[in-house]
Amino acid sequence: SVVDPFVALAYSIDFLGHDDHLVLGQLEEREYATLLPLAGYLDGVAINQPEAVRKHMKTAPQDVLMGLESPLVGLLTGHTPGVGGVRGAIPKALDTLSMFDMVIFGHDTQESHRRLGAALGMHETYMPLVSVPPHVQAMADALRDVPVLEVALENDLIVYHCLQQATEAA
């Protein structure tokens, strides 16, 4: 599914607050390596306090921000995580998404999972009930107006906006 880039970042930050063994078991090695600078930078910051994280992220160094560069665009274009910041990658990312029969938006997961289940011939009770946890949404909301994060996530924000526009037009 495709979620708001700030929600995706909030999930990553929330994930870093978990036990290291859980984090290592859930991430691929390259994803883990990409998040290491962020984890180090947030060491000692109360991750469960969105305003504390927001304040700290305003002065994030370039190596931390590079690891956050448009992960969705990077994934869709086959780049290493954290290398989605090339503006020319946006058309390729949109082209890749256009090949999918269905794109599930994070804000519409319940209905999208229901439709996906129906398309697969599965009863809706077998489809997961997914929603953004309130603490993750609070983190996303707190990070939304941090200029350095807007720049780091810019390509993902553009792609997400294009998808929203296409969905509304359909």
Side chain to side chain, Leu97 and Val159, heavy atoms closer than 4.5 Å: yes
Between CD1 on residue Ile158 and CG on residue Leu72, distance to nearest 0.5 Å: 12.0 Å
Within residues 92-105 or reaching into it, pairs that qualify as salt bridge (charged side-chain N to carboxylate O under 4.0 Å, His left out) - sequence neighbours excluded: none
Residue list, side-chain contact (heavy atoms from CB on, under 4.5 Å) with Pro91, at least two apart or on another chain: none
Pairwise side chain to side chain donor-acceptor pair (under 3.5 Å) hits with a residue in residues 56-67, at least two apart: Tyr41-Thr59
Name the atoms and distances for all side-chain donor-acceptor pairs under 3.5 Å in residues 145-153, with sequence neighbours left out.
unit_1, atom_1, unit_2, atom_2, d
Asp145, OD1, Arg54, NE, 3.1
Asp145, OD1, Arg54, NH2, 3.3
Asp145, OD2, Arg54, NH2, 3.0

Spatial distance of atom CG (Leu94) from atom OG1 (Thr77) [nearest 0.5 Å]: 11.0 Å
From Leu163 atom CG to Asp4 atom CG, the distance as rounded to the nearest 0.5 Å: 12.0 Å
Atom of Ala10, atom of Ala140 and distance for their closest heavy-atom approach: CB-N, 3.6 Å
Shortest non-hydrogen contact between Ala46 and Val53, atoms and distance: O-CG2, 3.8 Å
Side chains of Met139 and Asp14 in contact at under 4.5 Å (non-hydrogen atoms): no
Derivation and outcome, side chain to side chain contact (heavy atoms under 4.5 Å, CB included), residues Met122 and Leu116: CA-CA 8 Å; Met122 297 174 65; Leu116 176 61; over 6 Å; no
Donor-acceptor pair between Asn48 and His135 side chains, under 3.5 angstrom: no
Under the side chain to side chain donor-acceptor pair (under 3.5 Å) test, residues paired with Gln137 that sit two or more places apart: Asp141
ring-ring contact (aromatic ring centres under 6.0 Å, His included) against Tyr11, all qualifying residues, sequence neighbours excluded: none
Side chain to side chain contact (heavy atoms under 4.5 Å, CB included) assessment of Gln164 paired with Val2: CA-CA 10 Å; Gln164 284 179 313; Val2 177; over 6 Å; no
Within-4.5 Å side-chain heavy-atom neighbours: Ile13 and Ile47: yes
Minimum side-chain heavy-atom gap Lys55-Val45 below 4.5 Å: no
